[in-house]
Amino acid sequence: MNVYIYHIDNEYITANECELINKVSAARREKVAGLKNPAVRAESLAAGLLLEYAIYKEKGLTSEEYEITEGKNKKPEILVHSVEDSICCNLSHSGGYAAAAVGDMPIGIDIETKSDKEFKVTRRMFSDPERERVERILKKECGGVDMSVEEEAAKMFRDIWTEKEAYLKCTGEGITGSLKTFYKDEETGEIIKYPAADKEKNIRTGYYVRTVRLYDESCSLSVCMPSENFMLDIVTVHDL
């Protein structure tokens with residue numbers, strides 16, 4: 001699975017917005033138009049451009065041959081004019097980075113650079129197994145490692161957050177319910193769900209997540225698919 005990553009050049013994107021905006025889908029243009037913060041506008045536009053780039057590289061299609069629409073919870077879908085079937089895709093952006101992936105089965109992707117200040121989100125929104133992953137780090141000493149325990153725990157927070165987002169984007173659910181009712185099995189990478197009232201009743205979903213840390217581990221990237229047989233190949237894009 002090729003995952004396309006672009007370190008966003010805000011100055012270039014902002015200066016050429018009037019030209020670049022015509023290269024993305026109508027849905028993306030509408031989204032960009034509703035954003036007031038210049039940096040956020042640049043990120044959103046860059047993510048749309050990166051998706052168009054990924055479609056061309058993966059499927060050899062130009063923008064005249066397909067239409068990007070929005071499905072459930074605004075999940076992007078690619079409708080190819082010459083065939084009835086759609087192509088699956090997903091995109092994400094955070095902290096000056098954009099990520100996109102294209103394939104033949106549902107995909108969810110999320111990239112994150114932010115930390116959880118005082119781990120309030122971890123305690124409030126993560127499931128028990130996920131909190132334990134963070135707390136194991138907070139309780140240990142990083143002897144001989146030039147890194148604070150909090151920094152290492154922050155990386156784990158980003159890993160878990162992107163895992164959850166990638167799964168919800170893959171299924172099209174979005175963040176509509178409790179985030180505490182599912183987690184990634186650390187050994188298999190499969191997403192496991194359990195009813196809030198019965199945490200012993202684990203339900204296998206058939207969705208799997210792969211996670212990598214990028215740029216000196218300053219950001220985490222997760223991809224989710226309904227298959228356990230995929231690996232991530234990171235493709236760095238320098239120009240859009």
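Only heavy atoms go into these numbers, but all of them, side chains included; no hydrogens, no water, no symmetry mates.
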Which donor-acceptor pairs under 3.5 Å do side chains of residues 230-240 form with protein atoms, sequence neighbours excluded?
none

Side-chain donor or acceptor of Thr162 paired with backbone N/O of Glu112 under 3.5 Å: no
Residues in side chain to side chain contact (heavy atoms under 4.5 Å, CB included) contact with Ala26, at least two apart in sequence or another chain: Arg29
Side chain to side chain donor-acceptor pair (under 3.5 Å) assessment of Glu67 paired with Thr69: CA-CA 6 Å; Glu67 179 182 359; Thr69 62; over 6 Å; no
Tyr215 and His7 aromatic ring geometry - parallel, tilted or perpendicular at 30°/60° bounds: tilted
Salt bridge (Lys or Arg N to Asp or Glu O under 4.0 Å) contacts touching residues 34-53 (sequence neighbours left out): Glu17-Arg41
Test ring pair (Phe, Tyr, Trp, His ring centres under 6.0 Å) applied to Tyr12 - qualifying residues, sequence neighbours left out: none
Path from Leu51 to Ile8 over hydrophobic side-chain contacts below 4.5 Å: no
CA sep, side-chain torsions, deciding dist, call: Thr205, Thr171, side-chain contact (heavy atoms from CB on, under 4.5 Å): CA-CA 10 Å; Thr205 64; Thr171 61; over 6 Å; no
Expected output: side-chain Thr113 to main-chain Cys219 donor-acceptor under 3.5 Å: no
Which residues share a side chain to side chain contact (heavy atoms under 4.5 Å, CB included) with Thr122, sequence neighbours left out: Asp116, Phe119, Phe126, Arg131, Val134, Phe157
Heavy-atom closest pair, residues Ser92 and Ile111: OG-N, 3.1 Å
Heavy-atom closest contact (Ser44 atom, His93 atom, distance): CA-NE2, 3.8 Å
Gap between atom OH of Tyr66 and atom SG of Cys89 - 0.5 Å precision: 9.5 Å
Non-hydrogen side-chain atoms of Tyr183 and Asn202 separated by less than 4.5 Å: yes
Any residue meeting salt bridge (charged side-chain N to carboxylate O under 4.0 Å, His left out) with Arg124, in chain and number order, not counting sequence neighbours: none
Expected output: side-chain Glu152 to main-chain Val149 donor-acceptor under 3.5 Å: no
Connected via hydrophobic side-chain network under 4.5 Å: Ile160 and Tyr207: yes
Minimum heavy-atom distance Cys224-Cys170, with the two atoms named: O-SG, 3.4 Å
Validation row: Ile55, Ile68 side chains within 4.5 angstrom (heavy atoms): yes
Closest non-hydrogen atom pair between Arg28 and Gly48, with its separation: CG-CA, 4.0 Å
Glu228 and Arg204: CA distance, side-chain angles, deciding distance, salt bridge (charged side-chain N to carboxylate O under 4.0 Å, His left out) verdict: CA-CA 12 Å; Glu228 60 181 321; Arg204 297 182 59 182; 5.9 Å; no
Check ion pair Lys155-Asp216 (N to O, under 4.0 angstrom): no
Minimum heavy-atom distance Ala98-Ala47, with the two atoms named: CB-CA, 3.9 Å
Option from Tyr208, Phe182, Trp161 for which ring pair (Phe, Tyr, Trp, His ring centres under 6.0 Å) with Tyr167 holds: Phe182
Residues in ring pair (Phe, Tyr, Trp, His ring centres under 6.0 Å) contact with Tyr6, at least two apart in sequence or another chain: none
Residues clustering with Val40 (ILVMFWY side chains joined when closer than 4.5 Å, directly or via others): Leu35
Inter-residue atom distance Lys31.NZ - Ser25.OG, 0.5 Å rounding: 10.0 Å
Counterpart residues, salt bridge (charged side-chain N to carboxylate O under 4.0 Å, His left out), relative to Glu118 (two or more places apart): Lys120
Pairs involving residues 156-183, ordered by first then second residue, that meet salt bridge (Lys or Arg N to Asp or Glu O under 4.0 Å) (sequence neighbours left out): Glu130-Lys164, Arg133-Glu163, Asp159-Arg213, Glu163-Lys184
Within 6.0 Å of CG in Asp104, more than 12 heavy atoms from elsewhere: no
Beyond-backbone contact of Val80 with Lys59, side-chain heavy atoms, under 4.5 angstrom: no
Pairwise distance CD(Glu151) to CD1(Ile137) - rounded to 0.5 angstrom: 12.0 Å
Neighbour count above 12 (heavy atom, 6.0 Å) for Glu11 CD: no
Note, Ile87 side chain near Leu61 side chain (heavy atom, < 4.5 Å): yes
Smallest separation among heavy atoms of Ile109 and Leu91, with atom names: CG2-N, 3.5 Å
Stepwise side-chain contact (heavy atoms from CB on, under 4.5 Å) test for Leu168 and Leu179: CA-CA 10 Å; Leu168 293 173; Leu179 297 180; 3.6 Å; yes
All side chain to side chain contact (heavy atoms under 4.5 Å, CB included) counterparts of Lys75, not counting sequence neighbours: Asn90, Pro106
Pairwise side-chain contact, Val223 with Val212, heavy-atom cut-off 4.5 Å (strictly under): no
Side chain to side chain donor-acceptor pair (under 3.5 Å) partners of Thr14, counting only residues at least two apart: none
